[in-house]
Number of protein chains: 2
Amino acid sequence: MSDRGTGQTPISGESLLFLTDDQLRRGIEAMFFAYRGFTADPDRILQDYAYGRAHHRAVHFIKRSPGTTVNNLLDILGVTKQSLNRVLRALIEDGLVESRVGKQDRRERHLYLTETGQELEKELSEAQRGRMRAAYRDAGPEAVAGFRQVLEQIMDPEMRRHFQAFKEGT
Amino acid sequence: MSDRGTGQTPISGESLLFLTDDQLRRGIEAMFFAYRGFTADPDRILQDYAYGRAHHRAVHFIKRSPGTTVNNLLDILGVTKQSLNRVLRALIEDGLVESRVGKQDRRERHLYLTETGQELEKELSEAQRGRMRAAYRDAGPEAVAGFRQVLEQIMDPEMRRHFQAFKEGT
DNA sequence: CAGTTTATGTCAGCCTTGTTGACTTTCCAA
DNA sequence: TTGGAAAGTCAACAAGGCTGACATAAACTG
């Protein structure tokens, strides 16, 4: 728990005394350990399908924005097209993702999850949501609000833009 | 379980009304985007030294627990000894880490940062702390408390044990 | 229309960092 | 004295990043 009650009244007016290097270090470690847990459940599931985290990410964001283009996905995932292409090709060949030629701009490929793709996405995201739900429940709504605030501040501005786009978008 | 028909009506019974699938998804995406930012600054620095994230992690936890054994580090990092060994060997050869034979148990190797190692660690952690400090400042102390609470709940129990050990330990 | 830019795909090759398996050396402890 | 734990090493492999080069089709621009 936070040791804030024990006389260490955080001077909230500009002073920032609550930000010692050690506390920041603990925040860094919390991110490291938590991210491991965050990916653990999907990783286990993915093994059964001989897929990796990269496939999960692609599937997640196609689910999030059905019909998204390859370029848009590249932007969000922050990898090279060669790297994404390898993953996408596998998903398309295996019939989890469908790639449709754009109607206005026929250079573009629009990506959709097939039935099978949606099933995998559901399995993965339910596992991951399960852990998040439990964590949120144990921490409480106030903590959750703070959690999201801090995460948003940690992001690079460009990523924050993507993140916020989903807020209004869907 | 997750009836996505009406979607927004979560299972009642407790006060879990704030935990819709969509909110959980947003939390998941927040973790994804934030982790990218979280590692971005050290990653940039590491390029200059021809090291990777694995080296950073090793250096971080050796700094945190000087004299830690290889086995303990393996436990914390959650990789195989072969994988860690490759990284450790490079750091030792380059004179950033010193490996001392244990005194009680001479099978064990105790790991320490050299002067040079401490310099690199400082450069990396200052960059990473800088981002965390800015995020904490912008989000405020209450948000930070919630942030840490949720992260701790996301961890696997074993990782949480490690995380909490640092709390009392040093 | 010709030329350029854009979106995508693909081949080849490289790097980091993870994995397994097999084997050795050291050395504590029963 | 011997079994087994701790540590190191070698080999091989895979995922998933990366760069560079090149191809194609479509859209855009002068």
Side-chain angles (χ1 to χ4, degrees), chain A residues 32 35-36 39-40 42-62 67-94 97-112, chain B residues 32 35-36 39-40 42-62 67-94 97-112:
Chain A
F32 171 69
Y35 200 77
R36 291 256 297 280
T39 56
D43 281 355
R44 260 189 297 274
I45 293 167
L46 288 159
Q47 282 193 326
D48 301 338
Y49 296 88
Y51 289 140
R53 242 176 245 182
H55 303 83
H56 181 192
R57 290 197 281 262
V59 163
H60 174 99
F61 285 107
I62 294 172
T68 185
T69 64
V70 172
N71 248 359
N72 185 39
L73 208 49
L74 284 175
D75 219 34
I76 287 172
L77 296 176
V79 296
T80 57
K81 63 172 180 172
Q82 293 91 333
S83 197
L84 176 59
N85 188 256
R86 180 168 33 195
V87 163
L88 233 35
R89 203 190 317 161
L91 291 171
I92 290 169
E93 276 173 11
D94 296 352
V97 167
E98 196 192 338
S99 167
R100 299 186 205 151
V101 173
K103 286 183 179 173
Q104 304 94 332
D105 188 335
R106 302 193 51 230
R107 289 172 304 179
E108 292 178 344
R109 299 296 131 86
H110 297 272
L111 304 170
Y112 300 87
Chain B
F32 171 69
Y35 199 78
R36 291 256 298 279
T39 56
D43 282 355
R44 260 189 297 274
I45 293 167
L46 287 159
Q47 282 194 325
D48 300 338
Y49 296 88
Y51 288 140
R53 244 178 241 183
H55 303 83
H56 182 194
R57 291 197 282 262
V59 162
H60 175 99
F61 284 107
I62 294 172
T68 186
T69 63
V70 172
N71 249 359
N72 184 40
L73 208 48
L74 284 176
D75 221 34
I76 288 172
L77 296 176
V79 297
T80 58
K81 64 173 178 175
Q82 293 89 335
S83 195
L84 176 58
N85 189 256
R86 180 170 30 200
V87 163
L88 235 34
R89 200 190 319 157
L91 291 171
I92 290 169
E93 276 174 10
D94 296 351
V97 167
E98 196 191 338
S99 166
R100 299 186 203 151
V101 173
K103 286 184 176 173
Q104 304 92 333
D105 188 336
R106 301 191 54 230
R107 290 169 300 181
E108 291 178 345
R109 300 291 184 274
H110 297 273
L111 304 170
Y112 300 87

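Numbers restart at 1 for each chain; the letters A, B, ... are given by sequence-line order, proteins then strands.
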Per [X] side chain, nearest of listed nucleotides [options]:
{"X": "R86(A)", "options": "dT20(C), dA26(D), dG17(D)", "answer": "dG17(D)"}
{"X": "H55(A)", "options": "dG8(D), dG16(D), dT20(C)", "answer": "dG16(D)"}
{"X": "K81(A)", "options": "dA27(D), dT17(C), dC22(D)", "answer": "dC22(D)"}
{"X": "A54(A)", "options": "dG8(D), dG17(D), dG9(C)", "answer": "dG17(D)"}
{"X": "V70(B)", "options": "dG8(D), dT17(C), dT9(D)", "answer": "dG8(D)"}
{"X": "Q82(A)", "options": "dT19(D), dT17(C), dT20(C)", "answer": "dT19(D)"}
{"X": "D105(A)", "options": "dG9(C), dA26(D), dG17(D)", "answer": "dA26(D)"}
{"X": "R109(B)", "options": "dG18(C), dC28(C), dA7(D)", "answer": "dA7(D)"}
{"X": "E108(B)", "options": "dG16(D), dA6(D), dG18(C)", "answer": "dA6(D)"}
{"X": "N71(A)", "options": "dT8(C), dA7(D), dG18(C)", "answer": "dT8(C)"}

Using a cut-off of less than 4.0 Å, is there contact between a side-chain N or O of [X] and OP1 or OP2 of [N]?
{"X": "R89(A)", "N": "dT10(C)", "value": "yes"}
{"X": "T80(B)", "N": "dG18(C)", "value": "no"}
{"X": "N85(B)", "N": "dT9(D)", "value": "yes"}

Going by distance alone, is a donor N or O of one side chain under 3.5 Å from an acceptor N or O of the other, for D94(A) and Y51(A)?
->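 Yes, a side-chain donor-acceptor pair sits under 3.5 Å.
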Does R53(B) get its side chain close enough to the base of dG18(C), under 3.5 Å, for a donor-acceptor pair?
->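 Such a pair does not exist between side chain and base.
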Counting only distance, no hydrogens or angles, is the base of dG9(C) paired donor-acceptor with the side chain of R107(A) under 3.5 Å?
->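 Not at all, since no donor on one side and acceptor on the other fall under 3.5 Å apart.
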Any donor-acceptor N/O pair, R100(B) side chain to G67(B) backbone, under 3.5 Å =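 Here the side-chain-to-backbone pair does not exist.
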Please state how far atom [atom1] in [X] lies from atom [atom2] in [N], giving the value in whole angstrom units.
{"X": "H110(A)", "N": "dA7(C)", "atom1": "NE2", "atom2": "P", "result": "12 Å"}
{"X": "R100(A)", "N": "dA25(D)", "atom1": "CZ", "atom2": "P", "result": "23 Å"}
{"X": "L74(B)", "N": "dA5(D)", "atom1": "CG", "atom2": "P", "result": "16 Å"}

Kindly indicate whether the side chain of F61(B), heavy atoms from C-beta on, has any atom under 4.5 Å from the side chain of T68(B).
-> no
With the side chain counted from C-beta on, respond yes when Q82(A) and R86(A) share a heavy-atom pair under 4.5 Å apart, and no when they do not.
->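 The answer is no; the side chains never approach within 4.5 Å.
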side-chain contact (heavy atoms from CB on, under 4.5 Å) partner of V87(A), chosen from H55(A), R57(A), R53(A), H56(A) =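 Result for side-chain contact (heavy atoms from CB on, under 4.5 Å) with V87(A): H55(A).
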